[in-house]
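To keep things clear, I will list the structure first and then write my remarks on it.
So you know, we letter chains A, B, ... as the sequences are listed, proteins then strands, and number each from 1. Only heavy atoms go into these numbers, but all of them, side chains included; no hydrogens, no water, no symmetry mates.
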Amino acid sequence: MLQTAYIRENKELIIERYRKRNFDGAEIINQILKLDDDRKSTQQEMDAQLAESNQLSKQVGELFKSGKTKEANFAKEDAAHLKKRVSYLREKQENITNELQVLLYQVPNIPNETVPTGNSDEDNELVFEKNNPVVFDIKALPHWELAKKYDIIDFELGVKVTGAGFPFYIGQGARLQRALINFFLDEAHGAGYKEIIPPLMVNEASGIGTGQLPDKEGQMYHMQVDDLYMIPTAEVPVTNMYRDVIVKKEDFPIKVTAYTPCFRREAGSYGKDVRGLNRLHQFDKVEIVQIQHPEKSYETLDVMVEHVKGLLEKLELPYRVLKLCGGDLGFTSALTYDFEVYSAAQVKWLEVSSVSNFESFQANRLKCRYKDENGKMQLVHTLNGSALALPRILAALLENNQTEQGIRIPKALVSYTGFDLIN
RNA sequence: GGAGAUGUGGCAGAGUGGUCGAAUGCGGUAGUCUUGAAAACUAUUGUACCGUAAGGUACCGGGGGUUCGAAUCCCUCCAUCUCCGCCA
């Protein structure tokens with residue numbers, strides 16, 4: 001969420017930058033500014049009436065004390081009259097504030113100036129590519145067939161027990177999954193991230209804090225009995241740790257990591273993109289989150305990108321890094337790098353990580369702030385990234401490393417799995 | 001799940017209808033003293049909104065109500081503690 005004061009001061013720049021997203025912001029921005037004007041003038045009027053009413057109430061008390069009952073009763077009547085006006089204004093103010101809130105929720109983050117203009121993923125900018133060509137001496141099988149062949153993932157069983165998108169990992173498949181989680185967590189720990197095990201369900205306030213609510217409500221599983229939401233990513237509970245928190249300057253940067261299962265309804269997706277591990281309702285992910293001083297957040301973004309690169313290098317996977325164009329950029333993000341690994345049998349790139357700088361967009365909703373040199377409260381910058389999401393990594397590992405003997409486990413993982421071949 | 005108690009500023013802790021944004025203590029900041037430090041003393045020390053400013057308004061767990069006036073009374077929700085029950 002953008003701050004209205006910032007919108008007021010940077011109106012033209014914001015509208016200009018929104019062009020990168022193909023978003024015409026002029027109208028909504030003007031509406032916001034107008035509503036904010038209304039808000040201010042109503043507030044002023046209400047404050048004045050309240051001041052008068054407070055004054056009167058004080059007098060009533062004094063008059064009663066000094067025994068001037070008659071005058072006191074007159075004053076009481078005046079006050080009661082004022083009260084009606086105040087309650088009208090209060091209601092008006094509430095409506096304006098709500099309307100303003102709704103509009104502010106609809107306004108996306110401002111893309112960083114380096115974000116390429118564009119409509120779709122075709123306009124994303126390739127910033128890095130590492131190709132270690134995959135050579136097969138056998139016919140390449142997609143991972144869902146490999147999963148069956150080696151009995152390491154059972155999709156049908158998941159359908160029976162829960163539904164589509166909830167696979168069972170079995171035997172070496174389960175152990176490989178656990179190995180990846182431990183590997184990612186150890187790498188994050190080595191990079192200075194504090195490890196967290198957060199709740200897997202969050203309340204409404206947390207959903208709003210990171211921007212899933214109110215808009216993307218349909219993407220989360222909602223436990224209506226207790227009004228709790230299953231987390232779609234660890235970002236939600238972990239970032240919300242810092243909701244309503246004043247960060248001390250010397251605590252920058254705050255670095256936390258968490259492994260969690262993630263739950264997504266993925267309403268509306270179907271077809272071949274959801275085959276096998278490509279898109280699940282429940283999947284595992286290790287997330288890294290940083291809270292940083294605004295001046296250093298882009299530096300930090302680069303460091304996080306390097307961290308994720310390092311993971312993919314160690315896993316020996318062909319991968320590429322894309323800078324997302326405005327049209328592909330998430331609602332809350334100012335700049336995002338996507339990581340994709342090449343999946344040899346599907347012959348396509350699969351997104352496995354997304355590393356973003358949200359600048360103060362999330363912090364504004366979260367009210368996560370620090371005191372600057374002048375003692376003024378300022379919003380922090382938040383960043384996060386997947387490091388990494390497991391299913392597509394697993395898919396690529398299976399497809400790229402298949403041999404006649406079985407599936408080769410990358411060296412970096414062997415100490416975690418305890419085996420170097422799935423067969 | 002049942003019964004009871006509690007929820008006040010960074011912390012501790014007063015305040016049970018008016019002059020209370022809130023005593024007091026601790027902590028924080030600045031200063032005096034000191035070669036320096038400690039101690040002592042003095043001042044200052046919440047957040048948000050409006051306003052060039054002076055100043056005004058709101059906030060005493062959240063929400064609602066009573067009243068001219070609520071930290072204080074009522075309703076409701078949430079959290080914590082104690083006891084009982086249940087349980088990995």
Side-chain angles (χ1 to χ4, degrees), chain A residues 1-9 32-104 197-209 213-214 222-229 237 240-251 254 261 360 362-380:
Chain A
M1 194 165 73
L2 299 178
Q3 299 178 98
T4 43
Y6 185 85
I7 294 175
R8 194 172 287 281
E9 282 160 31
I32 285 170
L33 291 179
K34 186 184 170 303
L35 269 175
D36 194 47
D37 286 337
D38 288 354
R39 196 202 98 241
K40 283 185 189 182
S41 60
T42 310
Q43 182 74 47
Q44 274 170 30
E45 198 186 340
M46 189 168 79
D47 282 356
Q49 304 275 346
L50 277 170
E52 202 176 322
S53 146
N54 287 344
Q55 208 56 34
L56 261 176
S57 293
K58 226 176 255 183
Q59 279 174 26
V60 171
E62 280 159 15
L63 286 171
F64 270 122
K65 236 175 224 171
S66 54
K68 298 176 181 164
T69 323
K70 205 168 158 194
E71 287 90 331
N73 281 325
F74 274 125
K76 256 173 87 164
E77 264 176 52
D78 286 349
H81 201 70
L82 261 181
K83 204 186 149 185
K84 266 191 196 152
R85 177 75 186 154
V86 169
S87 72
Y88 162 76
L89 287 170
R90 179 165 288 144
E91 198 177 320
K92 182 177 170 193
Q93 182 70 330
E94 212 167 285
N95 289 336
I96 292 171
T97 315
N98 289 343
E99 239 178 285
L100 190 57
Q101 195 64 248
V102 168
L103 290 183
L104 283 171
I197 300 181
L200 304 182
M201 296 188 205
V202 294
N203 57 28
E204 187 187 20
S206 295
I208 290 171
L213 295 174
H222 186 194
M223 309 284 136
Q224 299 199 0
V225 194
D226 297 295
D227 199 18
L228 294 172
Y229 297 85
N240 272 283
M241 289 166 68
Y242 298 94
R243 172 151 50 85
D244 294 320
V245 166
I246 313 294
V247 175
K248 292 200 205 93
K249 270 207 302 282
E250 57 268 29
D251 290 342
I254 293 172
S360 60
Q362 280 185 334
N364 189 31
R365 283 201 190 186
L366 291 165
K367 291 214 283 301
C368 180
R369 297 165 296 173
Y370 69 98
K371 268 191 183 158
D372 68 12
E373 308 70 41
N374 306 316
K376 267 195 75 181
M377 291 292 191
Q378 303 289 352
L379 295 172
V380 302

How many whole angstroms separate atom [atom1] of [X] from atom [atom2] of [N]?
| X | N | atom1 | atom2 | answer |
| --- | --- | --- | --- | --- |
| Asp36(A) | C50(B) | CG | C1' | 11 Å |
| Glu77(A) | G69(B) | CD | P | 14 Å |
| Lys84(A) | U67(B) | NZ | C1' | 15 Å |
| Arg90(A) | A58(B) | CZ | C1' | 9 Å |

For a quick check of understanding: with a heavy-atom distance under 4.0 Å over all strands, which category does [X] fall into, base, sugar-phosphate or nothing?
| X | answer |
| --- | --- |
| Leu50(A) | sugar-phosphate |
| Met46(A) | nothing |
| Ala51(A) | sugar-phosphate |
| Arg369(A) | sugar-phosphate |

**Study point:** Modelled atom types, side-chain donor and acceptor of Asn54(A) and Ser57(A), under 3.5 Å
**Key:**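 There is no such pair (donor and acceptor under 3.5 Å, judged by atom type) between the side chains of Asn54(A) and Ser57(A).
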Check your understanding: Any ion pair linking Asp47(A) and Lys40(A) (charged N to carboxylate O, less than 4.0 Å)?
Key ->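 Answer for the salt bridge query: no.
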Revision key, fill the gap. The residue, Asp47(A) or Lys76(A), whose nearest nucleotide of RNA chain B is more 5′ is Asp47(A)
Study note, to complete from the structure: Assert: residue with more 5' nearest nucleotide on RNA chain B, out of Gly61(A) and Gln55(A), is Gly61(A)
Measuring to OP1 and OP2 of [N], would you say a side-chain N or O of [X] lies under 4.0 angstrom away?
| X | N | answer |
| --- | --- | --- |
| Lys83(A) | G69(B) | yes |
| Asn54(A) | A58(B) | yes |
| Arg39(A) | C50(B) | yes |
| Lys371(A) | U47(B) | yes |

Point to revise | Pairing nucleotide - A30(B), Watson-Crick or G-U, each distance under 3.5 Å | key: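 Pair assignment: A30(B) / U42(B).
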Exercise for review: To the nearest 0.5 Å, tell me how far Gln101(A) CD sits from Glu94(A) CD.
Suggested key: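 Answer rounded to 0.5 Å: 12.5 Å.
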Practice item. Hey, could you give me the CD1/CZ distance between Ile208(A) and Arg243(A), rounded to the nearest 0.5 Å? Key: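 Ile208(A) CD1 to Arg243(A) CZ: 9.0 Å, rounded to 0.5 Å.
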